[in-house]
2 protein chains.
Amino acid sequence: MTTAQRGRPGPRRTLTDEAIVTAALELLDRRGADAVSIRGIAAELGVAPNALYTYFPDKAAVLRAVADRLIGEYDLGALANPARPWRQRLHDLALSLRSRLLDHPGATAMLLGAPMDGPRALALGEALLAVVGEAGLDERDAARASYLLIVYVLGSIALEAAEVEPTRPAPPEAQRVAARKAAFDAVPATTYPLTAASADVMSRYITTEQFRWGLDRVIDGFAGPAAAAHQ
Amino acid sequence: MTTAQRGRPGPRRTLTDEAIVTAALELLDRRGADAVSIRGIAAELGVAPNALYTYFPDKAAVLRAVADRLIGEYDLGALANPARPWRQRLHDLALSLRSRLLDHPGATAMLLGAPMDGPRALALGEALLAVVGEAGLDERDAARASYLLIVYVLGSIALEAAEVEPTRPAPPEAQRVAARKAAFDAVPATTYPLTAASADVMSRYITTEQFRWGLDRVIDGFAGPAAAAHQ
DNA sequence: ACCTGAACACCGTTCAAGT
DNA sequence: ACCTGAACACCGTTCAAGT
């Protein structure tokens, strides 16, 4: 993945699409989202900034490729495995996507800033359609349901990442919850009584447990709670 | 809202927080998200760029204020009106938020780029808790459900806006669907058979009708489909 | 075909004035 | 207290070379 040297050599062929994406991710993790600039990536690769324009038409295309790489890190084999109940496979997908993306806070903007039409995003969508089909939905509702799932997962991650963004590695869950709790405790109970009273639950939105709860509600919504019973 | 001239005059007091937010929105609508820069806003107001730093600590704070303004445009009175069924009020809120935010594509990044902790966002959250409570959920589930709703609405809008972003006014729905349809028709049916077969449904994700469908599934998920029957 | 140097037209932010 | 001019350290992108 790091190199690969495709095509004929020409005068140099120092770079690869994949090498550029790797450098961008490296930079993202080490120095944060703002550091992911054309000039920064080029420096990371030891190359002049404008060299990247041989491989990508503009910065947005680079970011789209980074997003597609992150999405493609999930093993689609696990999603297709018919030995496991479909609901469980959807859980795995959603939870894995979430933790993987929260490992790179700052990547959220790349995921939501452009249509996810990369090859790996398409492959994921295809696999998702198959799984949701097993839930007994017809073609039309299967398509809608898989989109609903994507909306839920990406929406959740976006709202979680918004509270973290600047930091390079997302702090542990307990710490994020504590910070949120402090913010909600500062809400005046006189003007926002319900909010203040729910501060405890609210501060845990940002939690794996709550993410699971929402995920089950979404699945119940399109598959019916009955489906939860027989898994 | 445009001016207001609070506090003592001092040497000038030309600006207001609100005037700055207004100028930013003006710029957003007229020249797109990339034009919303500190320098751009300042030019819009006929002022030196660094003048804005008297009112906001940095650019991120300006963008957060813009996001709060957009959220606050919804009339909370309608949400609290006990004469209408709660489910209908949730629909109104979600649909109004969606169309309002799609009127400003490019605002999505501002909504998802930072925690929504502005005064108007808090007020909306408070009202939402009250409505969801009417659905018969206890305090804990009401908090979770209202967050789920927000995730759905903002997630949907983000994915929709991602396909539009650069354009200043979002093109009409029919045109957006057609563009999406063309993209899906280009998907190779041999590698992605389910995706290609569903191209028709997929291209309509971006549609008010589909948004309603997902919204109902989400509400069914936490309130039970039974609630749909008696409204 | 692929890379470079130099340049263009921008950014956000800071700092030392001025009033 | 509020605004300005000037500067700093950056951006993305383009263009005319060089190999």
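Treat the numbers as computed from the prediction; the structure is a model and nothing was measured. In what follows, every chain begins at residue 1, and chains take the letters A, B, ... in the order their sequences are listed.
- Under the side-chain hydrogen bond (donor to acceptor under 3.5 Å, both in side chains) criterion, the residue pairs touching residues 188-197 of chain B are A:Glu126-B:Thr195, with sequence neighbours excluded.
- Pairs of residues two or more places apart, or lying in two chains, that qualify as salt bridge (Lys or Arg N to Asp or Glu O under 4.0 Å) and include a residue from residues 171-198 of chain A are A:Arg98-A:Glu173, A:Glu160-A:Arg176, A:Glu163-A:Arg180, A:Lys181-A:Asp185, A:Lys181-A:Asp200.
- Under the ring-ring contact (aromatic ring centres under 6.0 Å, His included) criterion, A:Phe211 pairs with A:Tyr152, not counting sequence neighbours.
- Here C:dC11 is the nucleotide among D:dT4, C:dC11, D:dG12 with the atom lying nearest to any side-chain atom of B:Ser37.
- Listed candidates were D:dA7, D:dT14, C:dC3. Nearest to the side chain of A:Tyr53 is D:dT14.
- Distance A:Phe56 CZ to D:dG12 P: 14 Å, rounded to the nearest Å.
- Look at CD1 on A:Ile20: it is 9 Å from P on C:dC3, rounded to the nearest Å.
- Nearest nucleotide to the A:Arg13 side chain, out of D:dC3, C:dC2, C:dT4: C:dC2.
- In this entry the distance linking CG of B:Leu45 with P of D:dC2 reads 16 Å, nearest Å.
- Here the nucleotide nearest the side chain of B:Pro49, chosen from D:dC2, C:dT13, C:dC2, is C:dT13.
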(message) For Watson-Crick and G-U wobble pairs within 3.5 Å on both distances, what is DNA chain D written in dot-bracket notation, | included for inter-strand pairing?
(response) ||.|||||...|||||.||

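- Within the structure, side-chain hydrogen bond (donor to acceptor under 3.5 Å, both in side chains) contacts touching residues 36-47 of chain B (residues at least two apart or in different chains) are B:Arg30-B:Glu44.
- Contacts of A:Asp92 classified as salt bridge (Lys or Arg N to Asp or Glu O under 4.0 Å), with partners at least two apart in sequence or in another chain: A:Arg84.
- Atom CG of A:Leu52 is separated from atom C1' of D:dT13 by 12 Å (rounded to the nearest Å).
- Listed nucleotides: D:dT4, C:dT13, C:dT4. Nearest to the side chain of B:Arg39: C:dT13.
- With both ends at atom P, the span from C:dA9 to D:dA9 equals 22 Å, rounded to whole Å.
- The shortest heavy-atom contact between A:Ala23 and A:Ile41 is CB-CG2, 4.0 Å.
- At the phosphate of C:dC3, OP1 or OP2 sits under 4.0 Å from a side-chain N or O atom of A:Thr14.
- Residue B:Ile38 places its side chain closer to C:dG12 than to any other of C:dG12, C:dC3, D:dC2.
- For residues 56-68 of chain A, the pairs satisfying side-chain hydrogen bond (donor to acceptor under 3.5 Å, both in side chains) are A:Asp68-A:Arg120, with sequence neighbours left out.
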(request) Begin from the C-alpha positions of B:Asp117 and B:Leu122 and carry the test side chain to side chain contact (heavy atoms under 4.5 Å, CB included) through to its verdict. (result) CA-CA 6 Å; B:Asp117 51 10; B:Leu122 267 177; 5.8 Å; no

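- Atom CZ of B:Arg31 and atom C1' of C:dC11 are 14 Å apart (whole Å).
- For the segment residues 57-64 of chain B, residues with any heavy atom less than 4.0 angstrom from an atom of DNA chain C are, sorted by number, B:Asp58, B:Lys59.
- The distance from atom OH of A:Tyr55 to atom C1' of D:dT13 is 18 Å, rounded to the nearest whole Å.
- In this structure, the side-chain hydrogen bond (donor to acceptor under 3.5 Å, both in side chains) partners of A:Arg100, at least two apart in sequence or on a different chain, are A:Ser96.
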